[in-house]
Enquirer: 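The structure is given below, and queries will be raised subsequently.
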Amino acid sequence: MNAIYNQLKLVDFIIVGIYLFILIGIGYWVSFVQKKNKDENLFLANRSLGWASIGFTMWGTNVGPSMLVASASIGYSTGIVAGNFAWYAFVFILMLAVVFAPRYLGANVSTLPEFLGKRFGENTRNILAWYTLITILISWLSLGLFAGGVLIRQLLGLEMWLSVIIMVVVATLFVIAGGLKTIAYTSVFQMLLLIVVSLVLVGIGVSKAGGIMAIYEKTPSHYWNLFLPAGDKDFPWPAILLGYPVMGVWFFCTEQSMVQSVLGAKSLKQGQLGANFNAWLKILDVPLFMIPGVICYILYPHLKSPDLAYLTMVTNLFPPGMKGLIIVVLIACLISTIGASLNSVSTVFTMDIYIKKYKPEATNRDIIKIGRIITVVGALASVSVALAIDALKDRLNLFNIFQSVLGFLAPPMTVAFLFGVLWKKTTALAINIVLTVGTAFCLIVGVLYLWVIPSDAWPHFLLLSFYLFVVLSAMTYAVSVLDKQGVLKLQQATYFKSAGKPDKQVLAMWGILIAVMVGLYIIFNGH
């Protein structure tokens with residue numbers, strides 16, 4: 001798919017150049033011009049982030065190029081049902097804001113392994129630190145680079161290795177120079193640009209298709225339902241209702257890359273409002289990223305693959321100049337996702353492994369130095385894995401397999417944090433068993449599901465995730481009750497008081513959002 005590259009005009013390249021100049025200028029200003037405290041926390045932006053930066057950073061971390069393509073693909077083939085993964089998320093972002101964030105900020109931690117380590121001890125912190133590093137390196141970095149490399153190769157005709165290296169170099173420079181603050185400032189600029197360009201694409205598409213009512217009338221009625229029958233093969237409503245929460249709690253409440261900007265909030269109120277703003281932005285996922293796929297279904301109904309929907313719309317609908325903007329948008333998504341992930345890897349390794357085990361007396365200068373070194377090491381490792389993935393033949397299947405394996409990692413993390421935060425009688429032994437034995441069990445089930453036994457013999461993937469969550473929850477409860485020594489140690493355990501209750505503005509904003517989401521679910525069902 002070199003169609004866009006072949007159609008690029010001089011104005012497109014000028015637009016790309018202007019964008020990169022502005023982006024680098026913002027990064028340079030934040031990193032080198034702004035006055036800094038010598039003891040500034042590189043990883044958490046010196047805990048200075050406001051609600052807008054937090055919301056845009058969280059949304060930007062979640063919106064990668066693979067998401068743009070996948071969302072349009074799903075919209076093309078099934079309508080808006082996959083919008084549940086964006087809209088249903090408000091429940092778990094609300095949990096982050098009112099349940100987890102007050103305790104995270106009250107504990108004054110830099111990482112989530114540090115949080116559970118204070119609660120259950122150093123063994124738990126070490127296990128969770130390595131768990132988090134591996135997950136981020138595989139899910140966020142390597143697969144994100146691979147997906148982005150494929151797109152850039154298609155758009156610009158560059159080799160995979162060159163595409164991947166360019167992305168990593170730009171993102172790494174941002175992280176090394178200014179850490180989370182640079183990522184947060186550039187994310188605001190990049191996500192605003194993404195919204196504008198996506199709105200233009202949707203607007204042109206709606207006009208070409210004959211208007212909103214014409215789009216509704218020309219598509220199957222089930223395209224506009226968020227809940228499909230229980231017998232639906234791809235998205236049965238029980239699987240979404242029961243299974244997605246396991247993924248949602250892990251992703252939005254316990255994943256370092258997603259939560260890190262909240263940890264860098266200047267206050268609990270700003271963190272809670274930032275999470276709320278992210279939930280509002282998630283509403284845009286459906287109209288901006290899935291509806292283009294639905295429109296493509298009307299305008300170009302005979303595509304060889306639904307995966308071509310997004311690029312087909314861009315190639316055929318955008319005039320010169322706008323094609324340059326879409327390349328800019330993809331670059332923006334890549335830099336936001338990769339930069340946030342590199343910063344998280346650097347934070348977890350430096351704070352939870354290097355300082356804790358090797359150099360407790362490290363100065364802030366030492367911390368910044370090792371953090372930058374780990375950023376480079378993480379970047380090199382992710383490039384290697386991304387290129388290794390590209391070297392394998394069955395690329396699409398391998399990509400889906402990795403995503404599925406990551407889904408099997410969700411139940412242990414969800415159980416560990418829910419029990420660790422909500423049940424004071426949970427013992428360290430129970431959490432350590434869940435994070436080790438429980439993870440091994442989930443991965444074995446995943447291998448059986450993906451390779452050994454045909455998937456038709458299993459329940460839906462999301463339901464299977466829910467069943468694993470139930471089994472691990474029962475195991476955690478049983479071990480905690482039977483662990484007599486652990487029960488004695490609970491008296492010395494650290495419990496975190498909430499950093500405060502949500503104030504009236506926070507409650508009002510969440511109340512409005514809940515009302516809007518209930519309304520959307522009523523509107524988009526029963527068709």
Enquirer: Quick one: CG on L201 to SG on C296, what's the gap to the nearest 0.5 Å?
Expert: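 Interatomic distance, L201 CG to C296 SG, rounded to 0.5 Å: 9.5 Å.
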Enquirer: From Y88 OH over to M517 CE, what is the distance, rounded to the nearest 0.5 angstrom?
Expert: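 If I round to the nearest 0.5 Å, the distance is 11.5 Å.
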Enquirer: Within the side chain of Y310, is there an N or O that forms a donor-acceptor pair under 3.5 Å with the backbone of F289?
Expert: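 Side chain of Y310 to backbone of F289, a donor-acceptor pair under 3.5 Å: no, none is there.
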Enquirer: How long is the gap from CG on L199 to CG on L284, to the nearest 0.5 Å?
Expert: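 Atom-to-atom, L199:CG and L284:CG are 7.5 Å apart.
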Enquirer: Atom CZ of F524 and atom CH2 of W224: how far apart are they, to the nearest 0.5 Å?
Expert: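 So the gap between those two atoms works out to 7.0 Å.
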Enquirer: Do side-chain atoms of D232 reach the backbone of L228 as a donor and acceptor pair under 3.5 angstrom?
Expert: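 Answer holds: no.
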Enquirer: How far apart are the closest heavy atoms of S465 and V246, and which atoms are they?
Expert: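 Closest pair (atom of S465, atom of V246, distance): OG-CG1, 3.6 Å.
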Enquirer: Locate the shortest heavy-atom distance separating L317 from L299; write the atom from each residue and the value.
Expert: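 For L317 and L299, the tightest heavy-atom pair comes out as CD1-CD1, 4.4 Å.
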Enquirer: Taking ring pair (Phe, Tyr, Trp, His ring centres under 6.0 Å) as the definition, give me every residue that meets it alongside F252, ordered by chain and number, with sequence neighbours left out.
Expert: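 Applying ring pair (Phe, Tyr, Trp, His ring centres under 6.0 Å) to F252 gives none.
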Enquirer: Can you tell me which residue among F235, F227, W237 is in a side chain to side chain contact (heavy atoms under 4.5 Å, CB included) with N84?
Expert: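 Testing N84 for a side chain to side chain contact (heavy atoms under 4.5 Å, CB included) against F235, F227, W237 leaves exactly one candidate, F227.
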Enquirer: When you measure from the side chain of Y76 to the backbone of P301, do you find a donor-acceptor pair of N or O atoms at a distance under 3.5 Å?
Expert: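 Such a contact is found between Y76 side chain and P301 backbone.
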Enquirer: Is there a donor-acceptor pair under 3.5 Å between the side chain of Q270 and the backbone N or O of A265?
Expert: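 No, the answer is negative, given that no donor and acceptor are paired below the 3.5 Å cut-off.
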Enquirer: Would you say K269 and V506 make side-chain contact, with heavy atoms under 4.5 Å?
Expert: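 Yes - at least one pair of side-chain heavy atoms lies under 4.5 Å apart.
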Enquirer: Might you work through the side-chain contact (heavy atoms from CB on, under 4.5 Å) test for I283 and L520, ending with a clear yes or no?
Expert: CA-CA 10 Å; I283 296 177; L520 287 174; 4.2 Å; yes
Enquirer: Side chains of D234 and V81: does their closest heavy-atom pair fall under 4.5 Å?
Expert: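 SC-SC contact between D234 and V81 ruled out.
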Enquirer: Taking the side chain as every heavy atom from C-beta outward, state whether I54 and N278 have any atom pair closer than 4.5 Å.
Expert: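 I54 does not reach N278 side chain to side chain.
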Enquirer: Got I295 and V206 here, is their nearest side-chain heavy-atom distance under 4.5 Å?
Expert: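 SC-SC contact between I295 and V206 confirmed.
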Enquirer: Any idea which heavy atoms bring L242 and F466 closest together, and the distance?
Expert: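 In terms of heavy atoms, the two residues are closest at O-CD1, 3.4 Å.
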Enquirer: Check whether any side-chain N or O of T78 sits under 3.5 Å from a backbone N or O of I74 as a donor-acceptor pair, and report yes or no.
Expert: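 Between the backbone of I74 and the side chain of T78 there is a qualifying donor-acceptor contact (under 3.5 Å).
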Enquirer: Should V294 and M290 count as side-chain neighbours, where that means a heavy-atom distance under 4.5 Å?
Expert: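 No. Closest side-chain heavy atoms not under 4.5 Å.
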Enquirer: Answer yes if the ring centres of F90 and W280 are under 6.0 angstrom apart, and no otherwise.
Expert: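 Not close enough - the centres of the two rings lie 6.0 Å or further apart.
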Enquirer: Give a yes or no answer on whether the side chain of N276 reaches the backbone of Q272 with a donor-acceptor pair at less than 3.5 Å.
Expert: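 No: the side chain of N276 does not pair with the backbone of Q272.
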Enquirer: Determine whether the aromatic ring centres of F408 and F461 lie less than 6.0 Å apart.
Expert: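 When the ring centroids of F408 and F461 are compared, they turn out to be within the sub-6.0 Å range.
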Enquirer: Would you say the side chain of F277 lies within less than 4.5 Å of the side chain of M58, judging by non-hydrogen atoms?
Expert: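 The answer is no, as the side chains (C-beta and beyond) never meet within the 4.5 Å cut-off.
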Enquirer: So which heavy atom on P287 is nearest to which on P292, and how close?
Expert: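 Looking at all heavy atoms of both residues, the closest pair is O-CD, 3.7 Å.
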Enquirer: Per the side chain to side chain contact (heavy atoms under 4.5 Å, CB included) rule, which among F100, Y244, F251, W250 passes with F92?
Expert: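 With F92 as partner, side chain to side chain contact (heavy atoms under 4.5 Å, CB included) holds for just one option, Y244.
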Enquirer: Which heavy atom of V286 sits nearest a heavy atom of G83, and at what distance?
Expert: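 Looks like CG2-CA, 3.7 Å.
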Enquirer: Side-chain contact test, heavy atoms from C-beta onward, threshold under 4.5 Å: evaluate it for I195 versus L281 and give yes or no.
Expert: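 Heavy-atom side-chain distance check passes, below 4.5 Å.
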Enquirer: Between I514 and L94, does a side-chain contact (heavy atoms from CB on, under 4.5 Å) hold up when you go through it step by step?
Expert: CA-CA 9 Å; I514 291 171; L94 174 61; 4.1 Å; yes
Enquirer: Is the distance from the ring center of H527 to that of Y216 below 6.0 Å?
Expert: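 Ring centres of Y216 and H527 closer than 6.0 Å.
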Enquirer: For the side chain of T219 and the backbone of I215, is there at least one donor-acceptor N/O pair under 3.5 Å apart?
Expert: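 The answer is yes, because a donor-acceptor pair under 3.5 Å joins these two groups.
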Enquirer: Compare all side-chain heavy atoms of L303 with those of T312 and state whether any distance is below 4.5 angstrom.
Expert: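 Yes; the side chains approach each other to less than 4.5 Å.
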Enquirer: To the nearest 0.5 Å, how far apart are CE in M258 and CD1 in I93?
Expert: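 Answer for the CE-CD1 pair, M258 versus I93, is 6.5 Å.
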Enquirer: Are V200 and F318 close enough, and set up right, to give a side-chain contact (heavy atoms from CB on, under 4.5 Å), and what steps lead you there?
Expert: CA-CA 9 Å; V200 171; F318 272 172; 4.0 Å; yes
Enquirer: What's the spacing between E255 CD and Q260 CD if we round to 0.5 Å?
Expert: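 Interatomic distance, E255 CD to Q260 CD, rounded to 0.5 Å: 10.0 Å.
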Enquirer: Looking only at atom types and distance, does a side-chain atom of S261 sit under 3.5 Å from a main-chain N or O of T57, one as donor and one as acceptor?
Expert: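 Absent.
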Enquirer: Only counting residues at least two apart or in another chain, list the ones meeting side chain to side chain donor-acceptor pair (under 3.5 Å) with D285.
Expert: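 Expected list: W59, K282.
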Enquirer: To check you understand the geometry: which heavy-atom pair defines the closest contact between H460 and P236, and what is its length?
Expert: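 Shortest heavy-atom contact: CD2-CD, 3.6 Å.
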Enquirer: Under the side-chain contact (heavy atoms from CB on, under 4.5 Å) criterion, do L112 and Y104 qualify, and how do the steps go?
Expert: CA-CA 8 Å; L112 301 187; Y104 292 159; 3.6 Å; yes
